[in-house]
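One structure is given here, and the rest of the page talks about it.
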Amino acid sequence: MEACGRGLRRFFEKSTLTVSSNQRDRRACLEWVLALTAAAVSVGLMLWVGRRMWFRDDVFDFLVGREAGSLESWIRPHAGHLQVAAVGLHRFLYATVGLDFWPWYYLPHLVGHAGLSLLLWRTLLRRGSDGGVAFIAFLVVLFLGVSAFLSSIVIGGLIALALLLWVAICLDGEAAPSVRDRVLVAAALLVMIVSSSVGVAGVVACLGAVAVTRGLRRWWWSFLPAVVVYGAWYATRGATAEQGRMDWGNLAAVPGEILRLLGNSTGRLLGFDGWGVAAGAGIGVLLAAGLGWLAWKRRLRRVDLVFFFSFIGYLLMVGLLRGAAGQPVDRARYAYAMILLAVPALVPRLRLPTRWPTGGRVPALVLIGGLLVGVNGWQRVLKTDDFEAWSLKGRVAMEVLGQALQSGEPALGGIGLRHHLGIETAYTLTVSGVRQFLADGWAPAPPEPWPGWEEARPRLRLVPGRSDLAPAVPALAVSEGSEGCVGMEPGNRRRFAVVASGRFHLVGRRGESAPVGLIWRDRFGVFPREVLVAGRMVVAAAAPPAGGARLEVANRGEDRLRVCGVVEG
């Protein structure tokens, strides 16, 4: 096997300008010009379509509470996965451009996707794919409709996929690898496995392919760094992450979810929505039959096994970690990775009928390829445009909130922007995270008003039914009654001073819901909330920074109510 270092150079030799024939020289030059032009058009088109794009919801997890000097910040699970590369990129961008999203956070994903598509094209040619088929596959991937939400594809996934293409070539061959080859592969596998879940599937697939083809004796120590590092991380962090656990009691749902992902992703690739489990089952049977036939004919090399195993392993991973947990698997990022893993496994096997005349091959490629590229390109533009409008709503809401907090408006730090305020694009972000952005120099400037602002303001101050948003300290000044409580008869109305950010209790008759009116008054206005109390209700309250807030409690039920300003226990 040629050395991996020389392999990267020779990787690009096929149909390059070093070919002796002048005709081939011109053809190779034209191929590169067309490929680079298509890549530039793809990046430019998406930059224009997504010019008002903003952060996707869980990207904020890479920005809040992760400091460069803290190991915990680098290895803390994100959605149950280890994603060191994404943390590094986002922390660098945050330190340099802050929250100026466009084009700084968007451009790396677009350029990375275009670069990965070019690398995939050269991989297909190196594996002996038909030149026309390989170029069509490159264009389809470049304008892939299911990759419309590129801001949701973490940069680590692009890195892992690119390294997998290179490692698969390095592992293919019968000659003993040199020490340099093994070191390079070990480094690539380590980067893959700490970058994304795609990298985990890729490393497992590489290990399985080497083991099946009796090459483990030559390559085993190249896998040690990746296995040891990921094993230690999973034992200490990943196994305890909420989204990293498998629901063993729901394994029966996994096959159906895998087939649904397979059917829907293939349908979208071909321009048909609504494909589901039945279509996925048919496609799965065809893929299994094809893989079995290749194995029976002994036409599977190690590089084939790497891509097939990666594809199968990724489907299983999504099914086990997401489908078994009841989470949707029909998402853009899952379909994107699945297709990128399937292309190098399937495309080298595709051939137009050899009996077709040359004059018939070109029209067939143009017709089939043009339809696939057009369908995916149009989907990508439409979906990116839709996602841009959705993300803009989140940006407006968050910038309005940021301005309010900057002006001193009170709010509990643990309030979730999505769960409590309805800001859909801020899945993991809390008020404390927004305050951190402000402290780091963020200057919010909402491009338009937020229609839901007035409805959100009472929720910033009062959160009924939650006991985990504030420390166990008195929120109200209650000076009469026992245990810091005051009794209120039906129809009674009392006003209390809000003395701290904390919790207070509303205690009514157990088993019966009684209406209680809460009216918060501070220098920013009057904010009413209506709650139903059955038994004991815990209410978290925010203390205003300037003081002077009052909370009015009205007992509108038919039984006695107690208001307690001290949390018991």
Looking only at heavy atoms, the pair that brings V306 and A209 closest together is CG2-CB, 3.7 Å
I need the S117 OG to L120 CG distance, nearest 0.5 Å.
7.0 Å
Shortest non-hydrogen pair, L158 vs H113, comes out as CD1-N, 3.8 Å
If you measure from the Lys or Arg side-chain nitrogens to the Asp or Glu carboxylate oxygens, is any gap between E388 and R51 under 4.0 Å?
no
Taking side chain as C-beta onward, heavy atoms only, is M338 less than 4.5 Å from L315?
yes
Any donor-acceptor pair under 3.5 Å linking the side chain of N376 with the backbone of L372?
yes
Can you establish whether the number of heavy atoms outside W48 located under 6.0 Å from its atom CH2 is more than 12?
no
Taking the side chain as C-beta and beyond, is there a heavy-atom pair between M46 and R380 under 4.5 Å?
yes
For L163 and A188 the tightest heavy-atom approach is CD1-O, 3.7 Å
Candidate list F101, Y106, W390, test ring pair (Phe, Tyr, Trp, His ring centres under 6.0 Å), partner F55, passing option:
F101
Looking only at non-hydrogen atoms, find the nearest pair between R52 and S391 and report the distance.
O-OG, 4.4 Å
Closest non-hydrogen contact found for D385 with V49 is N-CG1, 4.0 Å
Could you tell me whether the side chain of R349 and the main chain of L346 form a donor-acceptor pair under 3.5 Å?
no
Does L189 reach the side chain of W219, with side-chain heavy atoms less than 4.5 Å apart?
no
Looking at side-chain heavy atoms only, is the closest gap between L291 and L287 below 4.5 Å?
no
Would you say that more than 12 heavy atoms from the other residues, nucleotides or ligands in this model lie under 6.0 Å from the CZ of R301, or not?
no
Mark yes or no for whether S42, through its side chain, and A38, through its backbone, hold a donor-acceptor pair below 3.5 Å.
no
Step by step, would you call F138 with L125 a side chain to side chain contact (heavy atoms under 4.5 Å, CB included)?
CA-CA 11 Å; F138 157 70; L125 290 178; over 6 Å; no
Mind checking whether Y94 and Y105 have ring centres under 6.0 Å apart?
no
How many angstroms lie between atom CG of L392 and atom CZ of F387, to the nearest 0.5 angstrom?
11.5 Å
Going by atom type alone, with no hydrogens or angles, which donor-acceptor pairs under 3.5 Å involve a side-chain atom of residues 82-93 and a protein atom two or more places apart or on another chain?
residue, atom, partner, partner atom, Å
H90, ND1, A86, O, 2.7
R91, NE, R66, O, 2.8
R91, NH1, L63, O, 2.5
R91, NH1, R66, O, 3.2
R91, NH2, R66, O, 3.3

Per side chain to side chain contact (heavy atoms under 4.5 Å, CB included), V229 is matched among L190, I193, L224 by L190
Spacing of CG belonging to L270 relative to CG belonging to L371, to within rounding of 0.5 Å
10.5 Å
Any idea which heavy atoms bring L124 and V343 closest together, and the distance?
CD2-O, 4.0 Å
Atom CG of D440 and atom CG of L99: how far apart are they, to the nearest 0.5 Å?
8.5 Å
CH2/W121 to CD1/I136 distance, rounded to the nearest 0.5 angstrom?
12.0 Å
Could you tell me whether the side chain of W54 reaches within less than 4.5 Å of the side chain of W102, counting heavy atoms only?
no
